[in-house]
Amino acid sequence: METSTKQNTVTEKFLKLIESSFPTIVDGKEKDLAIKAFVNQGVPTRKHEEYKYVNVELILKDDLSVATNNIISQEQVEQFNFLVDAYLVVIVNGIFSEELSRLKDLPKGMIVCSLDVAKENHKVIFEKHYSKFADINADAFIALNSAMAKTGVFVHVSKSIIIEKPLHIIHISSAKKAEIINPRNLIVIEENAQAKIIESYETSDTSAKIFNNAVTEIVVGANSIVDHYKIQDENEFGYLLNTTQVVQKKQSLFSTHTFTLSGSLVRNNLTIVLDGEHIETHLNGLYLTNGNQIVDNHTVVDHCKPNCNSNELYKGIIDGKSSATFNGKIFVRKDAQKTNAFQSNKNILLSDDGSINTKPQLEIYADDVKCSHGTSTGKLDEDKIFYLRARGLSEISAKKLLMHAFASEVVNTIKIDALREYVEEKISKRFE
Amino acid sequence: MANEILEEQIGGEYKYGFVTDIEADNAPKGLNEDIIRFISKKKNEPEWMLEYRLKAFRYWLTLEEPHWAHVIYPKPNFQEIIYYSAPKQQKKLGSLDEVDPELLKTFEKLGISIEEQKRLSGVESRIAVDIVMDSVSVKTTFKETLSEAGIIFCSFGEAVQEHPELIKKYMGSVVPYTDNFYAALNSAVFTDGSFCYIPKGVRCPMELSTYFRINSAGTGQFERTLIIADEDAYVSYLEGCTAPQRDENQLHAAVVEIITHKNAEVKYSTVQNWYPGDKNGKGGIFNFVTKRGICLEDNGKISWTQVETGSAVTWKYPSVILKGNNSVGEFYSVAVTNNYQQADTGTKMIHLGKNTRSTIISKGISAGFSNNSYRGLVRVSKGATNARNFSQCDSLLMGDKCGAHTFPYIEIKDKTAVVEHEATTSKIGEDQLFYCKQRGIDTEKAIGLIVNGYCKEVLNKLPMEFAVEAQKLLAVSLEGSVG
């Protein structure tokens with residue numbers, strides 16, 4: 001009983017925040033529905049199965065206020081702009097920044113703009129897709145985002161357009177007092193189109209807790225190819241709850257890569273719905289945790305139609321007092337015959353105080369399928385260390401080499417050279 | 001053609017669905033403190049036992065039924081259940097001749113001939129059986145032979161009378177009444193069960209076995225098993241169960257506790273064949289069981305082997321707490337669900353001591369409209385250095401209307417732990433079938449062959465007598481169900 005009253009006061013706190021957050025993308029009835037969904041679900045506690053290993057209270061214990069539009073200079077942006085040859089979008093505290101973005105030379109057939117602008121100027125596309133995939137009743141934080149989101153980025157690639165250069169979206173959080181931001185993104189790739197999208201989450205000039213409750217909806221049209229990357233590199237004040245909801249249409253190919261390099265608390269909810277036949281999906285993830293970090297990756301791959309393939313690989317190296325969670329679910333619906341779904345989670349635990357929780361799940365309702373999952377957790381292999389030491393490497397460099405090798409399986413799936421080099425460099429620094 | 005075979009095979013009738021016409025001594029329906037006092041009085045229990053029951057009951061009242069399992073069933077009405085039902089025949093039995101002939105017939109039908117057991121006494125492969133019908137234990141065989149070795153094997157009720165110090169010391173030490181909803185209910189209303197104590201240095205000369213039978217209508221069966229293996233002791237324990245065919249759902253909520261001391265080993269095997277309900281999912285037993293063992297001291301070993309074919313709804317996680325250093329936990333399971341059966345079963349391995357090892361092999365087979373879930377926890381606590389676990393959970397699907405699910409939980413807090421888990425889900429390979437058929441083996445036999453091969457790792461772990469029964473059970477439920 002005690003927890004539920006506590007939960008209620010937290011929920012009430014949020015209702016005040018929702019009131020102070022305006023103007024929002026949706027208003028009126030839709031907003032009311034989102035608020036209602038949020039109140040009905042309440043803020044999840046550790047008793048909530050999906051939030052068992054993440055202490056949401058850590059995020060909510062400080063009094064948060066709605067983030068203001070902080071001014072970020074061009075120089076501050078440059079340190080995160082690791083891709084020279086890319087279209088650039090900069091979002092500061094959830095607000096799309098026209099000045100800092102670099103979108104002058106967008107090719108024909110590609111729209112990149114602020115989501116609230118898209119609501120007016122690209123009404124048809126917006127109404128067709130917005131809030132159609134991220135279900136406000138599925139998670140309290142989706143409902144919260146829906147009720148509070150002011151804007152975010154809108155990306156649209158028209159039919160049969162191939163975008164060669166990647167699009168880099170930098171989410172910069174900056175706060176001097178405890179704040180909450182609710183960015184909302186909508187990415188629509190139409191039939192036969194191709195695109196590469198990189199989202200990076202950074203903090204700049206931050207000295208107080210910043211809770212980033214981001215929701216991204218991605219529509220992958222028939223026969224299209226989409227490459228999606230997430231680089232999560234916030235500082236110790238960053239609390240990131242990143243919901244990504246993907247819908248794939250027939251014969252499309254979608255690859256997503258999540259790299260969690262730092263941040264105080266990172267929770268990723270990644271759901272991919274395979275709504276068509278002959279779809280291919282790849283999910284890769286790497287998390288390197290240290291200190292008191294908490295990283296929780298929740299993925300759902302929902303096979304709705306026959307003849308689809310999905311392949312998931314998540315790896316983690318856990319150090320310090322940090323804790324990492326992997327919770328992967330593969331759903332195979334009744335009609336989804338001839339499904340091939342694979343899932344693998346591998347972890348290395350380096351410290352005495354770290355912990356790993358892993359929960360790979362299969363929920364299968366069709367019989368002609370091949371599904372498997374595997375998970376392993378252990379320390380660095382003594383034999384391998386011995387092998388390297390016998391060849392003259394110091395213990396430390398032997399360990400570093402092995403960790404590099406462990407991480408490289410995921411890093412090597414990055415198809416953009418500049419990005420791969422950047423991530424490699426970041427990882428090298430971490431192991432030093 | 002394949003579908004016909006499927007229908008035919010899945011339609012295999014439940015063999016043990018008969019009812020024995022034995023006069024029973026029933027308690028009135030319902031659950032309250034008076035009923036508990038009634039049970040306790042019937043069993044002529046000492047005051048402390050009644051106290052324990054009442055404590056458990058009061059705690060149970062504060063609990064809510066658990067809903068986290070991947071099963072759907074109507075909530076049992078706990079006031080509609082008869083909590084005590086005993087075959088009428090109260091005087092102590094000296095020899096088999098005094099046992100009600102109807103009862104003997106029942107067990108003969110079930111394939112457990114007590115007579116035969118007696119005749120075989122001199123032979124190597126003998127088994128001591130404790131038979132529990134509805135709420136009470138009706139007969140324990142080979143008691144005298146066992147007591148010569150210092151082994152105590154008797155009904156739980158007898159143990160409460162004759163060995164209260166052991167019961168007081170161990171009962172509830174592994175599964176306290178506060179553990180969960182059904183454990184609390186069991187602690188309040190349990191009527192009988194088996195008790196087994198293997199003293200220091202004794203290797204039990206024969207397999208011990210309990211046979212559970214639900215007979216009366218409207219009753220629930222709540223039994224408790226307590227097995228204690230003292231230093232250097234060893235015992236292999238078997239458990240079997242059946243129930244009549246009825247349209248109503250009957251509740252079975254048991255508690256099994258195993259304790260091993262230094263260097264002791266307990267091997268616990270179950271063939272669970274409660275009535276699974278009819279083809280349309282009507283009736284059947286709700287099997288909500290808490291089974292747990294603890295390796296209290298160093299070098300202990302507990303091994304669970306189960307073949308689950310019965311029950312409408314199963315909710316069961318035989319677990320091992322590896323407290324002593326170098327202790328070993330094992331779990332081997334075959335769970336078969338058919339028609340509208342639902343099973344949510346698995347294990348928990350809690351690594352606390354150093355150099356502890358655990359192995360989990362789980363094979364699920366689902367057919368018809370059934371749902372079969374594996375749910376397991378492997379936890380390595382901080383300080384449990386060099387813990388090692390290997391888990392393998394495979395599911396086989398037969399037909400496109402059933403479901404197979406895997407929900408493993410792995411929680412690791414020690415860097416020296418090595419934990420591996422793998423799971424696969426698939427159907428019987430067309431190529432495997434083709435290979436067999438090409439060599440002149442018909443579809444049905446080929447499937448029998450493949451399924452038996454698939455389960456072999458687990459069936460191999462069963463004692464011989466059970467292995468035969470288990471293979472037959474598998475054959476009845478599944479032969480020929482894929483094409």
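No experiment lies behind these values; they were computed from the predicted model shown.
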- Query: With a cut-off of 6.0 Å (strictly less than), are more than 12 heavy atoms of other residues, nucleotides or ligands near NZ of A:Lys399?
  - Reply: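 Open: at most 12 neighbouring heavy atoms sit under 6.0 Å from NZ of A:Lys399.
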- Message: Can you confirm whether A:Lys250 is buried at NZ, in the sense that more than 12 heavy atoms of other residues, nucleotides or ligands lie under 6.0 Å from that atom?
- Response: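 Counting other residues, nucleotides and ligands, NZ of A:Lys250 stays at 12 neighbours or fewer.
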- Message: Quick check on the interface: out of A:Gly378, A:Ser355, A:Gly354, who has the most heavy-atom pairs with chain B under 4.5 Å?
- Response: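 Highest number of heavy-atom pairs under 4.5 Å: A:Ser355.
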- Task: Tell me, out of A:Gln361, A:Lys370, A:Lys359, A:Lys334, who's got the most heavy-atom pairs with chain B below 4.5 Å.
- Result: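 With the most close heavy-atom pairs to chain B, the winner is A:Lys359.
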- Task: For the residue pair A:Tyr365 and B:His70, categorise the inter-ring angle as parallel (less than 30°), tilted (30 to 60°) or perpendicular (more than 60°).
- Result: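 Plane angle between 30° and 60°, so tilted.
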Heavy-atom proximity to chain B below 4.5 Å, by part of [X]:
X	value
A:Thr377	both
A:Lys52	side chain
A:Phe342	neither
A:Leu350	backbone
A:Gln337	side chain

- Query: Charged N to carboxylate O below 4.0 Å: is that the case for A:Asp352 and B:Lys382?
  - Reply: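 Here A:Asp352 does not pair with B:Lys382 in a salt bridge, since their nearest N and O are not under 4.0 Å apart.
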- Taking C-beta and beyond as the side chain, do B:Leu396 and B:Ile428 meet within less than 4.5 Å on heavy atoms?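 Sidechains of B:Ile428 and B:Leu396: in contact.
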- Message: With a 4.5 angstrom heavy-atom cut-off, is it the side chain or the backbone of B:Asn371 that approaches chain A, or both, or neither?
- Response: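 B:Asn371 touches chain A through side-chain heavy atoms alone.
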- Name the region of B:Asn372, side chain, backbone, both or neither, that has any atom closer than 4.5 Å to a heavy atom of chain A.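 For B:Asn372, neither part sits under 4.5 Å from chain A.
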- Query: For the atom pair OH (A:Tyr314) and CG (A:Asn327), what is the distance rounded to the nearest 0.5 Å?
  - Reply: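 Reported to 0.5 Å precision, the distance equals 11.5 Å.
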- Query: Which value, rounded to the nearest 0.5 Å, describes the distance between B:Phe390 atom CZ and A:Ser376 atom OG?
  - Reply: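 Going from CZ on B:Phe390 over to OG on A:Ser376, the span is 11.0 Å.
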- Out of B:Tyr317, B:Trp315, B:Trp60, which one pairs with B:Tyr182 under the ring-ring contact (aromatic ring centres under 6.0 Å, His included) rule?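 Looking at B:Tyr317, B:Trp315, B:Trp60, the match for B:Tyr182 under the ring-ring contact (aromatic ring centres under 6.0 Å, His included) is B:Trp315.
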- For the pair A:Arg389 (side chain) and A:Ala398 (backbone), establish whether a donor and an acceptor sit closer than 3.5 Å, ignoring hydrogens and angles.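 Checked: no pair found.
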- Without hydrogens or angle criteria, can the side chains of A:His298 and A:Asn269 be said to hold a donor-acceptor pair below 3.5 Å?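 No, because no side-chain N or O of A:His298 sits under 3.5 Å from a partner of the opposite role on A:Asn269.
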- Message: Using a 4.5 Å heavy-atom cutoff, which residues in residues 405-424 of chain B come close to chain A?
- Response: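 If one takes a 4.5 Å heavy-atom cut-off, the residues of residues 405-424 of chain B near chain A are B:His405, B:Thr406, B:Phe407, B:Pro408, B:Tyr409, B:Ile410, B:Glu411, B:Ile412, B:Lys413, B:Asp414, B:Lys415, B:Thr416, B:Ala417, B:Val418, B:Val419, B:Glu420, B:His421, B:Glu422, B:Ala423, B:Thr424.
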